[in-house]
Amino acid sequence: MATPSLPELLAQDGMIHAPGVWDGLSARIAEQAGFSAVCASGFAIAAALGMPDAEIFTATEGIDAVRKIHEGSSLPIIADIDTGYGNAINAGRTAANMRRAGAAAVFMEDQVSPKRCPVCVGDPVEVTPLREAVGKVRAAKDGLEDALLIARTDAVGDEALKRAEAYVEAGADLIMPVSKTFSTLEDWRRCHELTGVPLVASLTAWTWVEREFTPEVMAQLGVKIGLVATHGVLAAATALRDSFTRLASGEALPQVSASYMEHEDFVGLIGFPEMEKRQREYLPAKEEV
């Protein structure tokens with residue numbers, strides 16, 4: 001059975017929850033867990049590189065991460081392209097390269113470069129002038145061809161509403177306010193009514209959006225996609241830190257291994273049964289060599 005495309009998922013009733021992934025293994029786990037789409041999270045990709053989410057890694061590194069995610073899973077990928085990595089021309093090329101790497105959609109923010117994760121900094125972030133931001137939306141949409149463009153705004157209040165309308169006029173398929181864009185549910189509802197397109201919410205850990213945006217609430221606000229961008233990498237980092245700390249302290253391996261998944265489960269997770277099947281299909285038996 002073919003995996004539904006992102007437009008097909010958007011046409012169905014109900015929410016699309018896309019967990020943040022950063023490599024082939026995390027993408028495989030998301031698919032086997034039962035998700036219908038994944039988010040190539042810039043926060044998670046940066047963290048996996050040992051970096052903060054501050055547009056330090058390059059567009060090439062982000063595209064390579066999406067390519068690996070695409071190889072590890074058949075699910076539609078919603079990819080983070082930060083600010084597009086430059087001006088409108090750069091944004092169009094970045095979007096096109098993400099599409100070729102396997103992205104079904106990208107989301108691009110209107111911050112100045114280098115971006116600053118609004119959840120990780122205290123003061124308001126700086127956004128690009130509206131005219132420049134609109135040009136980047138147009139260029140990114142042209143580069144995507146049949147893939148979808150999610151325009152993210154880091155502006156606040158009425159300025160965010162103005163930008164959301166302008167981005168849709170410029171070709172954005174969906175609008176993504178961040179957790180600091182609006183302070184009330186009514187503001188989110190107004191954004192959906194003004195733009196007439198589905199909204200995307202990043203259910204980022206530690207934010208009011210994560211706490212209050214239940215599936216029922218999101219349906220009422222016009223939110224169609226919920227990106228669970230940070231939870232996976234936080235869970236993985238917590239488990240890895242705890243495991244390594246116990247190992248480094250000299251705890252005996254058998255005691256630690258009791259908390260791991262079974263060997264057979266992990267072998268299945270990373271695809272050994274499928275690989276052996278392909279080897280039997282394509283490679284000659286030893287006695288035939």
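Starting from 1, each residue takes its place in the sequence as its number. In this text the structure is predicted, and so the values were computed from the model without any measurement.
Tracing side-chain contacts under 4.5 Å through hydrophobic residues (I, L, V, M, F, W, Y), one never reaches Leu221 starting from Met176; they form parts of separate clusters. Transitive grouping of hydrophobic side chains (ILVMFWY, heavy atoms separated by less than 4.5 Å) brings Phe57 and Val233 into a common cluster. Both Leu144 and Tyr167 are members of a single hydrophobic cluster when ILVMFWY side chains are connected at heavy-atom separations under 4.5 Å. A single hydrophobic cluster is seen to contain both Ile69 and Ile63, as judged by linkage of ILVMFWY side chains at heavy-atom distances under 4.5 Å, directly or through other members. Connection of Ile78 to Phe35 is not established within any shared hydrophobic cluster, with ILVMFWY side chains joined at heavy-atom distances below 4.5 Å, either directly or through further cluster members.
Heavy atoms from other residues, nucleotides or ligands lying under 6.0 Å from CZ of Arg138 number 12 at most. Around atom CD of Glu126, no more than 12 heavy atoms belonging to other residues, nucleotides or ligands sit under 6.0 Å away. The number of heavy-atom neighbours closer than 6.0 Å to CZ of Arg100, taken from other residues, nucleotides and ligands shown, is above 12. Under a cut-off of 6.0 angstrom, the local environment of CD in Glu262 is sparse, with at most 12 non-hydrogen atoms contributed by other residues, nucleotides or ligands.
Taking the side chain as every heavy atom from C-beta outward, Val106 and Ile150 never approach each other to under 4.5 Å. Looking at Val156 and Pro124, their side chains never come closer than 4.5 Å, going by heavy atoms from C-beta outward. At a threshold of 4.5 Å between non-hydrogen side-chain atoms, the residues Leu10 and Lys224 count as touching. Annotation: side chain of Met108 is in contact with side chain of Lys136 (closest heavy-atom distance under 4.5 Å). The side-chain heavy atoms of Val134 and Arg131, taken from C-beta on, include no pair separated by under 4.5 Å. Side-chain contact between Met98 and Arg93 is absent, with no heavy atoms from C-beta onward closer than 4.5 Å. Counting only heavy atoms from C-beta outward, the side chains of Arg28 and Ser73 never approach each other to under 4.5 Å. Val223 places none of its side-chain heavy atoms less than 4.5 Å from the side chain of Val200.
The CD atom of Glu61 lies 10.0 Å from the CD1 atom of Ile45; values are rounded to the nearest 0.5 Å. Between the CZ atom in Arg99 and the CG atom in Leu148 there is a gap of 12.5 Å [rounded to 0.5 Å]. Atom CZ of residue Arg278 and atom CZ of residue Arg280 lie 12.5 Å apart, to the nearest 0.5 angstrom. For the atom pair Met261 CE and Leu269 CG, the distance stands at 5.5 Å (nearest 0.5 Å). Rounded to the nearest 0.5 Å, atoms CG (Asp53) and CE (Met51) are 11.5 Å apart. The line from CE of Met15 to OG of Ser36 is 10.0 Å long, rounded to the nearest 0.5 Å.
Between the side chain of Ser41 and the backbone N or O of Gly20, no donor-acceptor pair lies under 3.5 Å. The main-chain N or O of Ser5 is found under 3.5 Å from a side-chain atom of Glu8 such that the two form a donor-acceptor pair. Formation of a donor-acceptor pair under 3.5 Å by the Asp82 side chain with backbone atoms of Gly84 is not found in this model. At distances below 3.5 Å, not a single donor-acceptor pair connects side-chain atoms of His70 with backbone N or O atoms of Ile77. Checked by atom type and distance alone, the side chain of Asp173 pairs as donor or acceptor with a backbone atom of Leu149 at under 3.5 Å. Between the side chain of Thr153 and the main chain of Thr181, no donor-acceptor pair closer than 3.5 Å is present.
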Apply side-chain contact (heavy atoms from CB on, under 4.5 Å) to residues Leu203 and Met218 and explain how you reach the verdict. CA-CA 11 Å; Leu203 308 178; Met218 287 189 281; 4.1 Å; yes
Check the pair Glu55, Ser113 against side chain to side chain donor-acceptor pair (under 3.5 Å), reporting the backbone distance first and the verdict last. CA-CA 8 Å; Glu55 206 172 10; Ser113 182; 3.1 Å; yes
Start with the C-alpha gap between Lys162 and Asp158, add the side-chain angles, then the distance that decides, and say whether salt bridge (Lys or Arg N to Asp or Glu O under 4.0 Å) holds. CA-CA 6 Å; Lys162 176 182 177 181; Asp158 289 341; over 6 Å; no
Kindly determine whether Arg190 and Glu186 satisfy salt bridge (Lys or Arg N to Asp or Glu O under 4.0 Å), including the steps that lead there. CA-CA 6 Å; Arg190 287 179 60 205; Glu186 181 57 33; 5.7 Å; no
Working note: Val217 + Leu185, criterion side-chain contact (heavy atoms from CB on, under 4.5 Å); need CA distance, chi angles, decisive distance, verdict. CA-CA 9 Å; Val217 167; Leu185 298 179; 4.0 Å; yes
Take Leu199 and Leu174, measure what side-chain contact (heavy atoms from CB on, under 4.5 Å) needs, and give me the verdict at the end. CA-CA 6 Å; Leu199 303 183; Leu174 302 95; over 6 Å; no
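The aromatic rings of Phe213 and Trp188 lie perpendicular to each other, with more than 60° between the two planes, well past the 30° mark.
Across all their heavy atoms, Ala104 and Pro76 have their closest contact at CB-CB, 4.0 Å. Here the closest heavy-atom approach between residue Ala166 and residue Leu130 is recorded as CB-CD1, 4.1 Å. The minimum heavy-atom distance linking Ser202 with Val209 is given by the pair O-CG1, 3.9 Å. The minimum heavy-atom distance between Gly72 and Glu31, with the atom names listed, is O-OE1, 4.4 Å. Across Ala205 and Leu234, no two heavy atoms sit closer than the pair CB-CD1, 3.7 Å. Of all heavy-atom pairs between Pro215 and His17, the closest is CG-CE1, 4.4 Å.
Here Phe43 and Trp22 keep their ring centres 6.0 angstrom or further from each other.
Inspection of the Asp23 and Ser26 side chains reveals an N or O donor paired with an N or O acceptor under 3.5 Å. In the model, Ser179 has no side-chain atom that pairs as donor or acceptor with a side-chain atom of Thr204 under 3.5 Å. For Asp110 and Thr128, the side-chain atoms include no donor-acceptor pair closer than 3.5 Å. With no hydrogens or angles considered, no side-chain donor-acceptor pair links Thr83 and Gln111 at under 3.5 Å. Side-chain N/O atoms of Thr245 and Asp242 include no donor and acceptor closer than 3.5 Å. A donor-acceptor contact closer than 3.5 angstrom links the side chains of Tyr260 and Ser243.
With respect to the salt-bridge test (charged N to carboxylate O, under 4.0 angstrom), the residues Asp154 and Lys115 do not qualify. Ion pair Arg189/Asp187 not flagged as a salt bridge, since none of the NZ, NE, NH1 or NH2 atoms sits closer than 4.0 Å to an Asp/Glu carboxylate oxygen.
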